[in-house]
Amino acid sequence: MATADLVLQNGKVATVDKDFRFCEAVAVKDGWIIDLGTTEEMAEHVGPETRVIDLEGRVMLPAANDAHLHATLTGLRMGEGALDVGATQSLAELKGAVAGAAKAAKPGQWIWGSGFMEFLYPELQAQGMRGVNRWDLDEAAPDVPVMLNDFGLHTLVVNSKALELAGITKDHPDLKPEEGVMERDPATGEPNGRFFEWSSHHLIGNHCPPVSDEEIEASILRVQRALNAQGAASHADIVGRGVERIFLGVSRERCMEIYERMAREGRLTARVSLHINPCVDGVESYDSILRALDEMKLPEFRDPNWVQARTVKIFGDQGLWLRPREDRPDGEGRSVFPGVTGEEQEQELRRTIVELHRRGWQVCIHALGGRTIDTACEAYIEAQQRYPRERPRHFVIHGDDMTEAAAKRMGRFGIGCSPQPIAANIVAGMNAPRMTAGEELFNWGAYMKAGCWISGGSDSPCFDFNWRSGVQFAVTRTTAAGQAIRPDLAMSLEDAIRMYTIHGAYQEHMEHVRGSIETGKLADFQVLGRDIFTCPAGEIGQIPVVMTICGGRVVYQV
């Protein structure tokens, strides 16, 4: 028997293999699993230099994978220079936080922050649910440029100083629909400082000093350590030309080189799959996306087990582009792709997806509304049938307006969905009335049974990356506010765990090396402080992680 570097024994090891079997112990050598079985059997691999970890009966799972988050952006928000306004409960509190940051700002510094939930602010509720605007921020910071993203990241609010530095006045032309929205005061026509969708955010971001490469590195280290503390050893990140100058440029195209260099230096504590958003100034169109890809130069990725970039991420809708139904025969909303009519927008989106597939990319799309989901999936099918190739695994991100019928068609063609159950834990009750799916909202268990693979993520920094909280909602269908959303549609605990482990690996074409605990796979594990299989379902989100291992190396331990 080969001597192992590491043996973990006396545990309740959930392998998450195809039969969801359990064992007691695992042997690891050079970062790979070489054997598993009983504690007695694994003792044969113990030598003088072997590190032995006694799990003391604790549950060990494959390390979690966060299938969709903005990692470098999350790391930036965790740093000292960012203003986290997620906890503010009123406009007064928001102004107070901005005023404090303005007072501490250095000469020439822009204040950037995110996380505000303006729909909670009583002052705005009393004024007909208006949004935060430039004049609110001016009261707190009249002389320092300020830009704040809301908790969902699609709304940006800036003050008058930021508008001045960006050269935006009343005379600035209105934006085309695909360029986003620059809101104006209805009485005066003055820009009120509110911008919707990332393409419009570039109007401000192009004039804001970007963060340094060193701050990007620091952001990566911060977010990966935080992910490790939640049991994760792999994650996605969204980088590229489409986010080149928004969010202080922390997710710009150069991030790919920085991730690769850090991997070669052995500084990463989690594996990353880069989803490239490749449009010029955030504008989603066939010409913009293909031009950015033509101009892009990928670094050489030495070890795809650590860093890979095979996926293009595009956006499909503004808010919700909903499919028609009886009470809205023409549907609702619109795509971010150009076109006067919905049919023109569909055509532009479909030909973009087909061309990306033809060029060999895996494609994922931000798709909330049913019309976006349906259009993207029909484009995926068309692309695969016109240009067949092995398992492209295209998928939709979010998929709020999924239906069982859509999932069945997606399953036939190997198309997946990457939702954020932790987000549903917060917003399910808010979304339910508008969805085409109606009462089958977020029915992930049924979608899996229909053949659609489902991978779980967090969408951080929009939501927390505690994957156990996402599992808790999936198996209880009860939100954080205590609202039950069709509890009869709860999925099994085993399938909920698969969302965050083997299905995430499958999304990234990595299921042959990670996502389950099996011989010949990477030694990526998490050890829980409480048994997820026996604790009450309503307490799963409170289960602590006590250890995370990535490639046989302990990267987090209580």
Side-chain angles (χ1 to χ4, degrees), residues 66-74 76-77 82-89 91 94 112-121 124 129-133 147-158 180-183 193-202 204-205 236-238 242-243 246-248 250-251 275 277 282 284 313-322 333-336 364-369 372 396-401 418-432 434-435 441-442 457-465 469-470 473 479-481:
D66 196 316
H68 176 70
L69 80 158
H70 307 268
T72 48
L73 174 58
T74 299
L76 176 68
R77 186 178 171 186
L83 180 60
D84 185 349
V85 290
T88 58
Q89 297 293 307
L91 183 59
L94 180 72
W112 174 80
S114 70
F116 69 88
M117 299 184 183
E118 58 192 355
F119 54 86
L120 297 178
Y121 295 172
L124 302 184
M129 291 301 297
R130 74 165 177 87
V132 178
N133 60 41
M147 54 181 182
L148 300 179
N149 284 98
D150 74 333
F151 81 102
L153 302 178
H154 289 263
T155 298
L156 175 72
V157 183
V158 305
V181 176
M182 181 182 70
E183 197 174 273
R194 294 174 61 83
F195 297 83
F196 302 97
E197 302 304 337
W198 289 3
S199 47
S200 68
H201 298 185
H202 279 80
I204 303 297
D237 197 2
I238 291 84
V243 283
I246 63 175
F247 312 129
L248 302 183
V250 74
S251 301
H275 297 175
N277 183 227
E284 303 279 345
K313 187 264 178 85
I314 61 177
F315 283 80
D317 49 12
Q318 293 178 348
L320 294 169
W321 192 25
L322 297 171
R334 64 159 287 136
S335 172
V336 296
C364 62
I365 183 169
H366 168 103
L368 295 170
T372 322
V396 300
I397 299 172
H398 308 307
D400 287 8
D401 204 15
S418 182
Q420 294 74 54
I422 183 63
N425 191 32
I426 306 297
V427 303
M430 297 162 51
N431 279 358
R434 299 194 63 200
M435 298 291 108
L441 182 66
F442 300 137
S458 65
D459 205 10
S460 178
C462 305
F463 301 98
D464 186 9
F465 37 55
S469 290
F473 175 80
T479 70

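Everything numeric in this text was worked out from a predicted model, so none of it was measured.
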Rounded to the nearest 0.5 Å, the CG atom of Asp237 sits from the CG atom of Asn277 at a distance of 11.5 Å
Shortest non-hydrogen pair, Phe195 vs Met182, comes out as CE2-CG, 3.3 Å
* Is it true that a side-chain atom of Asp401 and a backbone atom of Leu368 form a donor plus acceptor pair closer than 3.5 Å? -> no
Worksheet entry | Donor-acceptor contact present, side-chain Asp317 to main-chain Gly369, <3.5 Å | yes
In this structure, CZ of Phe473 is separated from CZ of Phe442 (nearest 0.5 Å) by 6.5 Å
Do Trp112 and Asn149 have side chains that approach each other closer than 4.5 Å (heavy atoms only, starting at C-beta)? yes
Validation row: Ser251, Ile238 side chains within 4.5 angstrom (heavy atoms) | no
Does the separation of the ring centres of His68 and His398 fall below 6.0 angstrom? yes
Within the side chain of Ser460, is there an N or O that forms a donor-acceptor pair under 3.5 Å with the backbone of Thr74? no
For a 4.5 angstrom cut-off between non-hydrogen side-chain atoms, does Leu94 reach Leu148? yes
Residues passing the side chain to side chain contact (heavy atoms under 4.5 Å, CB included) test with Glu118, sequence neighbours excluded, are Phe116, Tyr121, Leu124, Val132, Arg194
Hey, is the main chain of His154 close enough, under 3.5 Å, to the side chain of His201 for a donor-acceptor pair? yes
Worksheet item: Taking the side chain from Gln420 and the backbone from Ser418, do they hold a donor-acceptor pair closer than 3.5 Å?
Response: yes
Tightest non-hydrogen contact, residues Cys364 and Ile397, listed as SG-CD1, 3.7 Å
Are any non-hydrogen side-chain atoms of Phe196 and Glu183 less than 4.5 angstrom apart?
yes
Are the side chains of Ser199 and Glu284 in touch, meaning some heavy atoms are under 4.5 Å apart?
no
| message | Could you tell me if the side chain of Thr72 sits less than 4.5 Å from the side chain of Phe247, heavy atoms only? | response | no
What one should report as the nearest heavy-atom pair of Ser335 and Gly316 is OG-O, 2.7 Å
* To do: For the residue pair His366 and Phe315, categorise the inter-ring angle as parallel (less than 30°), tilted (30 to 60°) or perpendicular (more than 60°).
  => tilted
Smallest heavy-atom separation, Gly180 atom then Ser200 atom, equals CA-CB, 4.1 Å
Could you check if a side-chain atom of Leu153 sits within less than 4.5 angstrom of a side-chain atom of Cys462, using non-hydrogen atoms only?
yes
Here the gap from Leu69 atom CG to His275 atom NE2, rounded to the nearest 0.5 Å, amounts to 10.0 Å
Closest non-hydrogen atoms of Trp198 and Gly242, given as atom of the first, atom of the second and distance, are CE3-O, 4.5 Å
Here the pair of heavy atoms bringing Gly457 nearest to Pro421 is O-CD, 4.0 Å
Q) Are side-chain heavy atoms of Asp84 and Arg77 found at a separation under 4.5 Å? A) yes
To the nearest 0.5 Å, atom CG of Leu320 lies from atom CG of Asp400 at 7.0 Å
